[in-house]
Each structure stands twice: as C-alpha cells, then as structure tokens.
Amino acid sequence: MTPYDVHHGLAEQRVAARAAVLAAAYGGHPERFPGGLPQPPARPTEVWINPPTTGSTEIAPDGRSRRELCWGVTDPEPEGRV
C-alpha cells in the first residue's frame, strides 16, 4: 500500500483486490495455506514518505544532528527558526 493509495481513497480497493488474489490462490492450491484462507493486512491508518520531525535537535547514531547531516551546518540555528 502506498501513501498515494491512502491519501486518495484507494486503500479499501487495494485491500479488496489483495483479498481477491489471496482467495484465488487459496482456491487453486489450499494445500499451500495450512492456516486456512489468508487475509490481507489491515488498511493502514497513517502513511508517510518522510515522517514529520520534531525539530532539528534529532541526533543521528554518529552523534550529528539532522541539520548537520542534511546541510553540513554545525553552527547553532538562528533564534526562532527550525
């Protein structure tokens, strides 16, 4: 499921299409599914390409801030700017 699908109201269609494919696969070869008819994953409630951040104080595993990683900037940010 892509963010486009969720944001443009296509998620339910995608889940239904996956359910139909899984049902067809189960109908053709039930021996491959010992747990019975498989179900598609639930529709996501949130999707992100780039999740929102809480500010530039996030620290990478190597100790650099997000701002340093993105822009190579090591000086403090001006007051009131993110």
Side-chain angles (χ1 to χ4, degrees):
M1 183 102 32
T2 66
Y4 181 92
D5 294 335
V6 175
H7 291 295
H8 293 282
L10 302 172
E12 292 304 323
Q13 285 178 302
R14 300 294 188 249
V15 170
R18 286 181 181 187
V21 168
L22 290 170
Y26 180 75
H29 299 281
E31 70 279 2
R32 293 184 183 177
F33 302 92
L37 178 64
Q39 297 296 316
R43 176 188 171 286
T45 57
E46 253 184 4
V47 290
W48 297 96
I49 293 174
N50 297 311
T53 59
T54 58
S56 63
T57 58
E58 296 173 328
I59 304 298
D62 66 359
R64 293 183 292 166
S65 73
R66 184 174 142 269
R67 189 164 187 252
E68 288 176 275
L69 290 171
C70 293
W71 304 104
V73 177
T74 56
D75 58 326
E77 292 187 48
E79 191 76 25
R81 291 190 60 198
V82 178

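Contact check for R14 versus P40: no side-chain heavy atoms found under the 4.5 Å cut-off.
Scanning for ring-ring contact (aromatic ring centres under 6.0 Å, His included) contacts around H8 gives Y4, with sequence neighbours left out.
Closest of all the heavy-atom pairs between G36 and Y26 is C-CE1, 3.5 Å.
Hydrophobic clustering, defined by side-chain heavy atoms of Ile, Leu, Val, Met, Phe, Trp and Tyr closer than 4.5 Å, groups M1 together with V6, V15, V47.
Screening residues 31-41 for salt bridge (charged side-chain N to carboxylate O under 4.0 Å, His left out), with sequence neighbours left out, gives no hits.
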